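Taking it in order: structure first as structure tokens, then the write-up.
This structure is a prediction, so every number in the text was calculated from the model and none was measured. We count ligands from 1, going down the list as the structure has it; atoms in each ligand are counted the same way.
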Amino acid sequence: MKKREFLKKVAVFTTGITLFPSCGVNKIANATNKIKRIRTAHIGVGGMGMEDLQAIASHQLVDVAALCDVDANNLEAAKVLFPQAKIYKDYRKLLKEMEGEVDAVIVSTPDHTHAPASMMAMELGKAVYCQKPLAHKVSEARAMQKIAKEKSLITQMGIQVHSFYDYKLATLLIQDGIIGKVSTVRAWTPRNWGYGPAPEGEDSVPAHLDWNLWLGTAPKRPYKEEIYHPGKWRNLLDYGCSTLGDMGVHIFDTPYNALQLDVPKTITNKCRAPNGFGFPEKSEVTYQFPGTKYTTENHTWIWSDGEAPAPHEDLKLPNDEMLHDQGAMFIGEKGRLYLPHFQLMPKLIVNGKYQDIDISKFNLEEPVRDYAVEAPKHYHQFIDACLGKDKCTAPFSYASRLTETILLGVLAGRFPNQTLHWNSAAAKFEEEEANQYLDTKYRTF
Ligand SMILES: NC(=O)c1ccc[n+]([C@@H]2O[C@H](COP(=O)([O-])OP(=O)(O)OC[C@H]3O[C@@H](n4cnc5c(N)ncnc54)[C@H](O)[C@@H]3O)[C@@H](O)[C@H]2O)c1
């Protein structure tokens with residue numbers, strides 16, 4: 001089933017509500033002088049969803065109105081914290097019943113449910129905070145950006161480090177020309193979200209989990225313990241987006257933002273042959289981008305995951321220092337800017353030596369090194385934008401392009417060592433066989 005059909009099905013399921021309510025469209029943006037508090041619904045409240053819930057609720061003008069999770073244990077834990085909220089295990093039912101009692105929807109589910117849940121919320125004119133990556137498929141990311149634009153909705157992708165000191169500083173430094181035009185960015189993590197072929201057999205589904213709802217629009221599979229839920233889904237093709245689609249969204253966010261990149265022209269993923277179930281354990285992905293005013297005419301990204309990056313001149317640190325296990329290196333005409341991940345100051349390297357950086361002209365506040373203090377800022381920015389007091393810095397217009405870029409690299413893992421050519425205007429690869437993976441058939445559930 002394609003997205004349009006899914007939304008039609010949703011309309012059938014939600015008989016009695018209007019999927020395109022005129023009053024719901026842009027409701028928040030148009031009535032900021034009337035709305036004094038934001039009522040939130042949270043879809044997925046275990047794992048990161050619990051952090052999202054608490055960070056959003058820590059805004060003093062938020063009322064948590066509804067909680068949804070397919071795992072009754074996680075739902076119960078959230079309900080203890082917010083006993084006044086209504087609880088649901090099916091987000092479609094929540095959105096149908098609470099349409100008039102919710103202003104903003106927070107989506108913190110596994111990646112394959114980001115678009116189906118967010119699209120339905122946006123069809124109802126709701127502001128949406130959706131975890132990274134924005135979507136599981138390129139076509140979904142584009143559809144999410146389109147509807148957010150058409151309805152002028154307030155949106156934010158859940159990349160909270162986007163609002164952290166060191167990343168903002170690195171963006172200012174790069175745009176100020178500290179290393180001149182940037183030819184290459186290298187980014188790396190040793191994390192490994194790979195997995196082998198599909199396991200055999202079936203386990204009984206625990207009583208607290210609704211497996212059909214967990215699968216949602218994704219293909220049906222027998223339940224197996226320790227393979228999918230919780231968290232393990234990120235290693236699997238049908239539900240997650242591999243290490244690149246997870247850590248890459250955070251680590252490439254600053255280069256993407258600072259260099260004002262669009263989507264790439266070519267992508268090559270060096271990895272093992274696909275097995276149809278789990279992602280490769282190691283990848284090295286090379287992207288070529290059209291130039292921008294902050295880059296050389298052609299700009300290259302090189303991503304490496306699953307182990308430490310191969311030694312390279314670009315990654316040599318002064319004084320034989322060890323490279324931080326995760327991070328990014330900008331390579332420019334006048335030097336390099338090293339941005340370890342995370343909450344660490346960017347460092348300038350020129351001719352093999354560290355150089356002091358004058359940051360006084362940027363008028364930044366003092367760095368905050370406490371995650372618990374920094375992280376809520378990104379969430380509060382979203383709520384403040386809903387209240388008409390601020391602007392989101394990672395809206396879907398931005399997040400969809402970053403996500404598309406990341407997902408193209410993930411998809412290229414299906415064609416190991418082959419260079420794929422992306423036609424952004426047509427939203428197609430020149431290599432016809434790769435186009436089947438841009439969209440997805442939605443299962444009726
Ligand atoms: N921004 C960050 O720093 C960060 C960190 C971790 C995870 N994430 C993102 O958060 C999302 C969740 O990741 P996680 O590690 O918490 O996964 P998880 O599997 O640990 O938790 C997902 C939660 O969603 C629930 N859920 C699953 N399907 C659902 C559905 N259809 N409706 C309602 N609830 C559903 C699960 O029961 C569980 O409570 C992912 O998109 C991930 O990329 C972001």
Can you sort out which atoms of ligand 1 are near [X], meaning under 4.0 Å from one of its heavy atoms?
| X | result |
| --- | --- |
| P110 | 22 (C), 24 (O), 26 (N), 27 (C), 28 (N) |
| D111 | 40 (C), 41 (O), 43 (O) |
| D71 | 37 (O) |
| N74 | 37 (O), 38 (C), 39 (O) |
| P230 | 19 (O), 20 (O) |
| K132 | 1 (N), 8 (N), 9 (C), 41 (O), 42 (C), 43 (O), 44 (C) |
| H229 | 36 (C), 37 (O) |
| W214 | 27 (C), 28 (N) |

Over 12 non-hydrogen atoms of neighbours within 6.0 angstrom of [atom1] in [X]:
| X | atom1 | value |
| --- | --- | --- |
| K265 | NZ | yes |
| Q60 | CD | no |
| K270 | NZ | no |
| E365 | CD | no |
| K89 | NZ | no |

| note | Candidates T109, D210, T217, L94; heavy atom nearest atom 11 (C) of ligand 1 found on T109

| message | Counting only heavy atoms, tell me which of G231, A117, C130 gets closest to atom 20 (O) of ligand 1. | response | G231

From [X] [atom1] over to [Y] [atom2], what is the distance, rounded to the nearest 0.5 angstrom?
| X | Y | atom1 | atom2 | result |
| --- | --- | --- | --- | --- |
| H229 | H208 | NE2 | NE2 | 6.5 Å |
| T393 | D253 | OG1 | CG | 8.5 Å |
| I56 | I383 | CD1 | CD1 | 4.0 Å |

Tell me whether the centres of the aromatic rings in [X] and [Y] are closer together than 6.0 Å.
| X | Y | result |
| --- | --- | --- |
| Y287 | W422 | no |
| W188 | H341 | no |
| W301 | F289 | yes |

| field | ligand 1-proximal atoms of Q131, by part, heavy-atom distance under 4.0 Å | value | side chain

| query | Can you tell which part of L213 has a heavy atom less than 4.0 Å from ligand 1: side chain, backbone, both or neither? | reply | backbone

Looking at ligand 1, does [X] have a heavy atom less than 4.0 Å from it?
| X | result |
| --- | --- |
| R234 | yes |
| H114 | yes |
| G158 | yes |
| H250 | yes |
| T113 | yes |

How far is [atom] from its nearest protein heavy atom, and which residue and atom name does that atom have?
| atom | value |
| --- | --- |
| atom 13 (O) of ligand 1 | W233 CZ2, 3.4 Å |
| atom 5 (C) of ligand 1 | M48 SD, 3.3 Å |
| atom 12 (C) of ligand 1 | S108 O, 3.3 Å |
| atom 1 (N) of ligand 1 | Q160 OE1, 2.9 Å |
| atom 24 (O) of ligand 1 | G44 CA, 3.6 Å |
| atom 26 (N) of ligand 1 | V70 CG2, 3.7 Å |
| atom 37 (O) of ligand 1 | D69 OD1, 2.5 Å |
| atom 21 (O) of ligand 1 | G46 O, 3.9 Å |

| said: Can you confirm, on distance only, whether ligand 1 has an N/O atom lying under 3.5 Å from any N/O atom belonging to I43? | reply: no

| For Y91 and ligand 1, does the shortest N/O to N/O distance drop below 3.5 Å? | no

| query | In a check of ring pair (Phe, Tyr, Trp, His ring centres under 6.0 Å) between H162 and each of Y379, F382, Y398, which one passes? | reply | Y398

| said: Tell me which one of Y195, W214, W193 satisfies ring pair (Phe, Tyr, Trp, His ring centres under 6.0 Å) with Y239. | reply: W214

| task | Return the orientation label for the H136 and H112 ring planes: parallel under 30°, perpendicular over 60°, tilted otherwise. | result | perpendicular

| request: Answer yes if the side chains of Q381 and Q156 hold a donor-acceptor pair under 3.5 Å, and no otherwise. | output: yes

| Pick one: which of N74, L81, V45 meets side-chain contact (heavy atoms from CB on, under 4.5 Å) with M50? | L81

